[in-house]
Amino acid sequence: MDRLELGVTSAIREDQENKRDKELAERAKMGDTEAFGELIQTHRDRAKRWAERMTQDSHMADDIVQDALVRAFLHVGTLADTSRFLPWLHRIVQNQANMRLRRGGPYKREQPIGGWQENEYGGVDPIQWDNLDSLLRHLTRMSAMSAAQKTDPAEQLLRKELFETIHVLLRALNRRERGIFESYFFRQLSPDEIAQMYHTTTGSVHTYLHRARRKLRQAHVRVMLGLPPEKGGEDMNQARIVKLAEWPQTSSTLTTFVDRIGHMLASIGDQRNTQDLMGESGFAFRMKISNKTTFADGIYIFDWRQTLKTIVEDLGYEISILCGQLSEKPVPLLAASERFPVVLPIEEAILPFIRRYINMGKPVLYFDTVASSPHVHEWSLIYGYDDAKREVYVTDLMLPEGKTLNYDDLAENPLRFLAGIDGKTAESVSGKRSAEDRAIEAIQFAIHYGRKGCNYWPMTDYLSYTSGLMAYDRWIHYMTDSGILPNRYGMGQLAAVYSETRKHAALYLKSVPLKGEAMRLVLLASEAYVQASEELQRLSTLVPFIRSSSLLTTEVRTECASLLQQAKVFEAAAIGYLENAMSLILGREER
C-alpha cells in the first residue's frame with residue numbers, strides 16, 4: 001500500500017472515529033453514563049500522555065487524569081459542541097495539570113516559588129485556583145499588604161499569577177463594571193467612596209459589584225473548561241423572533257407540558273387538537289400526589305426526557321433535548337431532574353441551542369423556574385433572542401404578551417430543560433397507526449394508570465408519590481388526618497389542574513372512533529369523567545389556586561374530603577366502563 005492509500009485510509013478511519021466520538025458525546029451529554037464510560041475508555045491513555053508531557057511525572061499524571069475525568073463527567077452537560085469532545089477534554093486536563101503545578105507539582109514540600117501557598121507566609125488558607133471566591137479573597141488580602149511585605153519574591157510571583165488570572169476574566173465586564181470592580185478590589189476604596197467617584201448611590205455600587213462577580217464567575221468557568229473568556233463568534237450580535245401561531249388554548253390550559261408541545265407544532269404549521277394531545281399522551285388520565293403533603297410537585301414528576309421523546313415521535317417528529325441541573329444551587333423538582341447531568345451556569349452551553357432553532361423559525365420548549373405568580377415554575381416557549389440586549393423572549397401562562405429573560409437568568413436556571421423539533425421522522429409512527437389503534441392504546445393506558453399507577457419512581461429515597469386512583473386516597477387522608485397540615489397553595493394547583501385534565505379526558509373519549517357497545521361504554525366513561533371534573537372544580541372553587549397564607553379550617557377540610565371521595569367514585573366508574581369496553585374490543589379481535 002503506497003503513502004497516498006495509507007493517507008486516505010487514515011483519513012477515513014479518523015473521520016469514523018470523530019463521528020463515533022460525536023455520537024457518544026451527544027449521548028453522554030444527555031446523561032448516558034455508559035456512553036461517557038466508552039469515551040473515557042477510548043481516550044484515557046491519550047489524556048495520560050497529555051498530562052505526562054506537562055508534568056514529566058507519571059504518578060502525578062495519573063492523579064491529574066483522574067481529577068480531569070471526574071470534572072468532565074460532572075460537566076459533560078455543558079459541552080456546547082459535541083464534535084469537539086477531545087479538545088474540550090484536553091483543555092480540562094491542561095487546567096487540572098496547571099492547578100496541580102501551581103499547588104506544588106511533584107516537589108511536595110519543596111515547592112517551586114510559583115506554587116507557594118499563602119499560608120506559608122501569611123497564615124491563611126491556600127489559593128484554590130478553580131474557585132473565584134478564593135481568588136477574590138486573596139486578591140483583597142494582597143492589595144491590603146504593606147509595602148514591606150510586597151518585597152517578598154514569593155509573594156510577588158503569586159501576586160503576578162493572581163492578577164494575570166483576574167485581568168483575563170475582567171474582559172467579561174463593561175467599562176463601568178470594570179472601573180467599579182478595580183476601585184473596590186485593587187484600590188481598596190469603600191463603596192461610599194466609589195459612589196462619590198461615579199456620582200451614584202452606594203446601593204448602586206453594591207449592585208454593580210454583585211453583577212460583576214456574577215459575570216466573573218461565568219467567565220472563570222469558561223476559562224477553566226477551555227471556552228473563550230470573551231463573548232464573540234459568528235452567531236453573536238443577532239436578533240431573531242419566531243412568529244408563534246395563534247393558540248387560544250394557552251390562556252386556559254394548565255397542563256402546560258402538553259399544551260406547549262401543541263403550540264410548538266402549530267408554530268411550524270402542524271395544528272393539533274388539545275384534547276387529542278391530552279388523551280393520546282395520557283396526561284388527561286394522570287394523577288399523582290406527594291407522600292408528604294399536598295404539594296403541587298406531583299403534577300411535574302414523570303420522566304421528562306422519555307415522555308417528551310415518545311409523545312413527539314408518536315406524532316411523527318424527531319426532537320433534540322438539552323437538560324441538566326446546576327451543581328451549586330438547590331434544584332426544584334428533584335424527583336424529576338435527579339437523572340439529569342450536572343452542568344455549569346454558562347451561556348455557551350445554552351445559547352447555541354436556542355439560536356439554532358430560532359434561526360430555523362422554530363420555538364424552543366423551556367422549563368421556566370421564574371414563572372409569573374401564582375405559578376412557581378411552568379413550561380413555556382422561547383420564541384426569540386436579542387444578542388445586543390442579551391435577552392430571550394418567553395411565553396408565560398399569566399402574561400398574554402409574554403416576557404423577557406436575560407442571558408444570565410437563563411444560564412443560572414437551576415433546572416435546565418430545553419427541547420427543539422428537528423423535523424419529521426423518516427417514517428411517521430402516527431401514520432402507521434389508525435385513529436382507532438391510537439384510541440385503544442390511550443384507553444389501555446388510562447386503565448393501567450388508574451389501577452396500577454405510574455411506572456416512574458424517583459431514585460431519591462425521601463421523595464415518593466402515590467398515583468392513579470390510589471392518589472385520591474392519599475389526598476383524602478391529608479384532609480381527614482388532624483395531625484397533618486395540608487399545603488394550602490399546593491391544594492389549589494392540584495385541584496385546578498386535575499379538574500381540567502378530567503375535562504380533557506371526557507372530551508377525548510367522546511371523540512374516539514369506536515363503534516357499537518364498546519363506544520357506548522366509552523361514552524359512559526366520558527360522562528363519569530365529566531362528573532369527576534365537576535367535583536374537582538368545586539374543590540378548586542373552595543380552595544382556589546392563589547398565593548395565600550391562610551390555613552384550611554376543619555370545616556373546609558371535611559368538605560374537601562367529601563368532594564374528593566365523590567370524584568374518586570366517578571373516576572373509578574369511568575375506569576370500570578373502559579375495562580368493559582376493552583374486554584369487548586379484545587374479545588372481538590380474538591374471534
Side-chain angles (χ1 to χ4, degrees), residues 254-258 282-304 306-307 325 330-340 367-369 371 373-379 414-415 417 448-502 532 535-536 539-540 542-552 556-565 567-568 571:
L254 292 174
T255 310
T256 55
F257 180 71
V258 175
F283 275 82
F285 307 105
R286 296 172 184 243
M287 177 181 285
K288 184 174 288 188
I289 304 292
S290 168
N291 287 347
K292 292 183 177 294
T293 182
T294 52
F295 293 133
D297 59 341
I299 296 167
Y300 304 91
I301 306 306
F302 55 92
D303 188 335
W304 291 6
Q306 188 57 50
T307 302
Q325 50 179 314
V331 179
L333 304 177
L334 180 61
S337 62
E338 60 188 351
R339 294 174 173 85
F340 293 177
F367 191 75
D368 184 7
T369 55
S373 181
H375 298 272
V376 175
H377 36 238
E378 268 303 339
W379 298 93
L415 201 173
F417 195 93
H448 182 273
Y449 194 97
R451 298 298 188 197
K452 303 292 185 181
C454 181
N455 295 327
Y456 178 83
W457 293 93
M459 298 185 298
T460 307
D461 291 339
Y462 64 85
L463 297 173
S464 59
Y465 302 83
T466 302
S467 52
L469 288 171
M470 291 185 293
Y472 279 107
D473 297 327
R474 177 73 63 182
W475 200 347
I476 292 168
H477 172 68
Y478 294 144
M479 299 297 101
T480 56
D481 189 334
S482 60
I484 294 177
L485 184 65
N487 181 279
R488 165 69 179 74
Y489 167 78
M491 272 284 292
Q493 189 169 6
L494 290 172
V497 168
Y498 289 136
S499 66
E500 183 185 74
T501 59
R502 273 55 196 161
E535 296 299 320
L536 291 170
L539 177 62
S540 180
L542 186 63
V543 187
F545 179 35
I546 57 174
R547 284 290 185 183
S548 173
S549 59
S550 63
L551 300 177
L552 299 178
V556 170
R557 290 175 65 168
T558 300
E559 188 173 352
C560 289
S562 176
L563 292 170
L564 288 168
Q565 186 60 51
K568 181 190 175 185
E571 186 154 343

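The backbone N or O of Ala496 sits less than 3.5 Å from a side-chain atom of Ser499, completing a donor-acceptor pair. Using a distance-only test at 3.5 Å, with no hydrogens or angles considered, a donor-acceptor pair links the side chain of Lys292 to the main chain of Tyr462. Checking side-chain atoms of Tyr498 against main-chain N and O of Lys288 turns up a donor-acceptor pair under 3.5 Å. With hydrogens and angles ignored, the 3.5 Å screen pairs no side-chain donor or acceptor of Ser540 with any backbone N or O of Leu536.
Looking at Ser467 and Arg286, their side chains never come closer than 4.5 Å, going by heavy atoms from C-beta outward. Side-chain contact between Leu551 and Arg488: absent, with no pair of heavy atoms (C-beta onward) separated by less than 4.5 Å. Side-chain contact between Phe340 and Phe417: present, with at least one pair of heavy atoms (C-beta onward) separated by less than 4.5 Å. In this structure, the side chains of Cys560 and Leu539 come closer than 4.5 Å at one or more pairs of heavy atoms.
For Tyr489 and Phe295, the ring centers are positioned 6.0 Å apart or more.
A search for side chain to side chain donor-acceptor pair (under 3.5 Å) contacts involving Thr460 returns Glu338, not counting sequence neighbours. Listed by chain and number, the residues in a side chain to side chain donor-acceptor pair (under 3.5 Å) with Tyr300 are Glu378, Gln493 (sequence neighbours excluded).
Each of Phe283, Tyr449, Trp457 was compared with Phe302 under the ring pair (Phe, Tyr, Trp, His ring centres under 6.0 Å) criterion, and only Phe283 meets it.
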Between Glu535 and Arg502, does a side chain to side chain contact (heavy atoms under 4.5 Å, CB included) hold up when you go through it step by step? CA-CA 10 Å; Glu535 296 299 320; Arg502 273 55 196 161; over 6 Å; no
Please lay out, stage by stage, how Asn487 and Tyr478 fare under the test side-chain hydrogen bond (donor to acceptor under 3.5 Å, both in side chains). CA-CA 9 Å; Asn487 181 279; Tyr478 294 144; over 6 Å; no
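When every heavy atom of Ser337 is checked against every heavy atom of Leu415, the shortest pair comes out as CB-CG, 3.9 Å.
The salt bridge (charged side-chain N to carboxylate O under 4.0 Å, His left out) contacts involving residues 465-479 comprise Asp473-Lys568, where partners must be two or more places apart or lie in separate chains.
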